[in-house]
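Remember, it's 1-based here, ligands and their atoms both numbered in the order they're listed.
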Amino acid sequence: MTMLEIIEKKKFGQELTKEEITFFANAAAEKTVPDYQLSALLMAIRLNGMTDRETTDLTLAMRDSGDIADLSAIPGIKVDKHSTGGVGDTTTLVLAPLVAACGAPVAKMSGRGLGHTGGTLDKLESIPGLNITLSVEDFIRQVKEIGVAVVGQTGRLAPADKTLYSLRDVTSTVDSLPLIVSSILSKKLAAGSDAIVLDVKTGSGAIMHTLEDSLKLAENMVRVGVLAGKPIVALVSGMDQPLGTHVGNALEVKEAIDILAGRRAGGDLLEVSLTLGGFMLHLAGKAETPEAGQQMMKQAIDSGAGLEKLKQMIAAQGGDPSVCDDVTRLPQAKVVRPVFCGVSGWVTKMDTMALGLAAQAMGAGRMKVDDELDYSVGFVLQVRIGDRVEADTPLCVLHARSEADADRAEAAVRAAVTIGQEPCGRVSDFFAVVTKDGVRRLGADS
Ligand code: URA
Ligand code: CA
C-alpha cells in the first residue's frame with residue numbers, strides 16, 4: 001500500500017478501506033510520509049467526503065495513533081465536555097468548579113485559542129502563577145484530592161491530529177465534516193473519560209455557520225461516539241453573538257468569578273453553563289435528570305461552594321486564589337475606554353467572528369504560533385441582539401494596550417455590531433439536543 005494509491009482512490013471519490021485509513025493516520029502521527037502527500041489526501045477528503053464508516057475508522061485510527069489516558073484511578077464516572085469553539089465562551093471555567101462541587105469528578109484537558117476563538121488554557125494562564133502543565137500522576141492526584149483539574153494535554157494523545165490539524169489550518173481544509181469529527185472525537189476518546197457532553201456551536205462565530213451543518217456535525221459526532229462505546233450527548237447552541245459579555249483572557253476569568261460569586265442574576269453564559277453541566281451531572285449519575293443537575297449547580301452558586309472549588313483548583317495548580325475575592329488582582333489593561341452606540345435603533349446582528357478577531361488583534365490571541373499574549377486586553381460588550389439602544393447607550397468597554405490599539409478595536413467592534421431601525425427579537429441559546437435516540441429540536445429561547 002502506498003500513499004499515492006490512497007490519494008488516487010479518494011481523488012476519484014472511492015471509499016477507502018480501514019487498512020488504508022489506518023495507514024494514513026499512522027503516517028500522520030509518525031510523519032513517515034511528506035506533508036504534501038498528507039495535504040493532498042486532506043483536500044481529496046474535503047472535496048469528496050467520507051462515508052460514515054470511513055469517518056468512524058479515521059476517528060478510531062487517530063485515537064489509537066498515540067496514548068489513551070487511563071483515569072481509572074479516579075473513583076466515579078468521569079464526564080468530559082467539549083465545545084467546537086466560540087467567542088466569549090467561558091463555560092469550562094463556570095461549570096468545572098460547579099460540577100465538581102456537586103460531587104462529579106472533573107478531569108479536563110483543554111486547549112489554547114485557535115484563530116478567532118479563545119482557549120481555556122490561555123484564560124487560566126492569566127491567573128498569576130497558575131500552571132497548566134501537570135504530569136499524569138499530579139493530574140490524577142489533584143482530581144482525587146479536590147475533585148477538579150483543568151490542564152493541557154498530558155502524554156501523547158492523538159498525535160495524528162496534531163499533524164493533520166496544523167496542515168488543515170494552512171491548506172483550507174478545516175471545514176470538512178469528516179475531518180472535524182475525527183479531529184475532535186479522536187482527542188476526546190483518547191482523553192480517557194467515561195462519557196462526553198459536546199457543545200456544538202452554530203452561527204456567525206462558529207466553525208459551522210448554518211444550523212443544518214451544525215446539526216449534521218452533532219449527529220455525526222454522537223454516532224461515532226456511540227460506535228466507540230461512549231455515552232455521549234451533543235447540544236447545538238448559538239454563537240450568533242459572543243456567549244458571555246466579556247471577551248479576552250483575564251476579562252473572561254473575571255466574568256466566570258462574577259458568576260460563581262452570584263453577582264450575575266442570569267445571562268446566556270450562565271444558562272449554557274448550567275445546561276451543559278446539568279447533562280454532565282446526569283451522565284455522572286449524580287442527578288436524576290439534567291434539570292435536577294442544573295438545580296444542584298444553582299445551589300452551589302448560592303452556597304459559595306462553586307467559587308470555593310475554583311479557589312481550591314487555582315491554589316492546587318500554583319495560582320493566586322485571592323483573585324476570586326478581588327478580581328482587580330487579575331492583569332489590568334493600561335487603557336480602559338467606553339464606546340457608545342452613536343445612533344439609536346435596535347441591535348440586530350453581530351459578526352461574532354469579527355469580534356473574536358478584534359480581540360485577537362488587541363493581543364488576546366495569537367496571530368503567529370509563537371506570539372506572546374497580553375492577558376489584560378479585550379472588551380466587555382454592553383448590548384445583546386434585540387436590545388433597544390440610544391446614541392448615548394454604552395456599546396462596550398475596551399481594555400487595550402495603547403490608545404492606538406483602542407482606536408483600532410473601536411472601529412472593529414463598531415463594524416461588527418449592526419444597529420438597525422427595525423425592532424428585532426432575541427436569538428435562541430439552544431437549537432437541539434442530539435442523543436443516540438435522535439435529534440430533539442428546541443423551540444423558542446430557553
Ligand atoms: N476543533 C478541533 O479540535 N478540531 C477541528 O477540526 C475543529 C475544531
Ligand atoms: Ca437566553
Passing candidate, side chain to side chain contact (heavy atoms under 4.5 Å, CB included) with Leu121, options Leu130, Asn249, Ile132, Thr133: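 So, applying the side chain to side chain contact (heavy atoms under 4.5 Å, CB included) to Leu121 and each of Leu130, Asn249, Ile132, Thr133, only Ile132 qualifies.
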Which of the numbered atoms in ligand 1 are under 4.0 angstrom from any heavy atom belonging to Ile207?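 The atoms of ligand 1 under 4.0 Å from a heavy atom of Ile207 are 7 (C), 8 (C).
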Looking only at the side chains, is there a donor atom on one of Ser204 and Asp240 sitting less than 3.5 Å from an acceptor on the other?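 There is no such pair between these side chains.
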What is the nearest protein non-hydrogen atom to [atom], stated with its residue, atom name and distance?
| atom | value |
| --- | --- |
| atom 4 (N) of ligand 1 | Ser183 OG, 2.6 Å |
| atom 3 (O) of ligand 1 | Lys187 NZ, 2.5 Å |
| atom 1 (N) of ligand 1 | Ile184 CG1, 3.7 Å |

Any donor-acceptor pair under 3.5 Å from Lys216 side chain to Asn220 backbone: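 No, because the side chain of Lys216 does not come within donor-acceptor range (under 3.5 Å) of the backbone of Asn220.
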Arg414 bridged to Glu410 by N-O distance under 4.0 Å: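 So Arg414 pairs with Glu410 through a salt bridge.
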Please check whether Asp161 reaches ligand 1 - meaning an N/O of the residue sits under 3.5 Å from an N/O of the ligand, judged on distance alone.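 No: no nitrogen or oxygen of Asp161 is under 3.5 Å from one in ligand 1.
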What are the two closest non-hydrogen atoms of Leu16 and Glu20, and how far apart are they?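 Minimum heavy-atom separation between Leu16 and Glu20: CA-OE1, 3.4 Å.
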